[in-house]
Amino acid sequence: ELKVEQNPLFLSMQEGKNYTIYCNYSTTSDRLYWYRQDPGKSLESLFVLLSNGAVKQEGRLMASLDTKARLSTLHITAAVHDLSATYFCAVGEDSNYQLIWGAGTKLIIKP
Amino acid sequence: DTGVSQDPRHKITKRGQNVTFRCDPISEHNRLYWYRQTLGQGPEFLTYFQNEAQLEKSRLLSDRFSAERPKGSFSTLEIQRTEQGDSAMYLCASSLARGREAFFGQGTRLTVV
């Protein structure tokens with residue numbers, strides 16, 4: 001059974017700092033997603049990672065995937081307040097259609 | 001196209017009543033998903049449609065839950081004999097293909113009193 005673990009679950013950081021969120025998963029997968037959720041809002045897609053070594057960047061966010069280690073990272077560079085949100089990773093099992101979601105990382109960026 | 005649309009946005013119901021939610025996916029998307037999310041948790045998969053066929057359903061899903069997508073366009077999720085534990089945000093998402101991003105609707109927040 002696929003399990004997805006994110007850490008940290010809560011992160012408070014200062015503007016301008018760098019940090020990394022980790023997403024570990026327990027079985028083989030053919031796809032991994034990162035989503036952002038603002039309080040009371042729905043989920044916004046950030047990245048789709050499909051292959052080992054995949055790296056994608058958008059603004060101050062960069063996501064990478066190591067399928068051998070079953071690990072994805074979401075790196076935040078020079079954080080700004082607008083990036084405050086909860087970030088989820090979601091992993092798809094090879095054999096079915098569903099995504100298994102991490103518990104989310106609540107990120108607070110202080111001015 | 002304005003994205004995935006869900007209706008209603010909020011629903012308060014008494015325990016034991018039946019409720020039905022609607023989802024209109026992005027028009028060219030043939031894949032449709034229902035998820036449930038409780039406060040402080042990640043979404044939990046409920047069911048998946050490809051066109052009008054329901055191809056997957058969570059093993060954890062009670063028989064009180066049923067979903068349809070009769071013409072491969074909009075979908076409905078019905079919960080019969082609601083319980084307080086059903087209180088959650090119900091999210092619908094659609095996508096073009098496996099490995100493509102899924103776009104989520106704003107969700108229906110259900111409160112069972």
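Keep in mind that the numbers below use all heavy atoms, side chains included, and drop hydrogens, waters and symmetry copies. Below, chains carry the letters A, B, ... as their sequence lines are ordered, and counting in each starts from 1.
More than 12 heavy-atom neighbours from other residues, nucleotides or ligands sit within 6.0 angstrom of CD on Gln54(B). Other residues, nucleotides and ligands place no more than 12 heavy atoms under 6.0 Å from the OH atom of Tyr19(A). For Arg64(B), the CZ atom sits in a packed shell: over 12 heavy atoms of surrounding residues, nucleotides or ligands are nearer than 6.0 Å. For CG of Asp63(B), the number of neighbouring non-hydrogen atoms (other residues, nucleotides, ligands) closer than 6.0 Å is 12 at most. Other residues, nucleotides and ligands contribute over 12 non-hydrogen atoms within 6.0 Å of the CZ atom of Arg70(A). Atom NZ of Lys57(B) has more than 12 neighbouring heavy atoms from other residues, nucleotides or ligands inside a 6.0 Å radius. By the neighbour-count criterion of 12 heavy atoms within 6.0 Å, atom CD1 of Ile12(B) is sparsely surrounded, having that number or fewer from other residues, nucleotides or ligands.
Between Glu101(B) atom CD and Tyr35(A) atom OH the span is 6.5 Å, to the nearest 0.5 Å. Considering CD of Glu93(A) and CD of Glu56(B), their distance stands at 8.0 Å, rounded to 0.5 Å. In this structure, the separation between CG on Leu43(A) and CE on Met89(B) is 9.5 Å, given to the nearest 0.5 Å. In this structure, the separation between CG on Leu91(B) and CD on Gln37(A) is 7.0 Å, given to the nearest 0.5 Å. With values rounded to the nearest 0.5 angstrom, Glu44(B) atom CD is found 9.5 Å from Gln98(A) atom CD.
When heavy atoms are compared at a cutoff of 4.5 Å, Arg109(B) does not approach chain A at all. Neither the backbone nor the side chain of Ala93(B) has a heavy atom closer than 4.5 Å to any heavy atom of chain A.
Taking chain B as the reference chain and counting heavy-atom pairs below 4.5 Å, the highest number among Ser45(A), Gly104(A), Gly40(A) is found for Ser45(A). With chain A as the partner, the residue from Gly99(B), Ser58(B), Pro43(B) showing the most heavy-atom pairs under 4.5 Å is Pro43(B).
Put simply, Leu46(A) and Leu11(A) are part of the same group of oily side chains (I, L, V, M, F, W, Y) that touch within less than 4.5 Å, one to the next.
Counting heavy atoms from C-beta on, the side chains of Gln37(B) and Phe88(A) come closer than 4.5 Å.
Panel note: side chain Ser42(A), backbone Gly105(B); a donor-acceptor pair is recorded below 3.5 Å.
In this structure, the ring of Tyr97(A) has its center no less than 6.0 angstrom from the ring center of Phe45(B).
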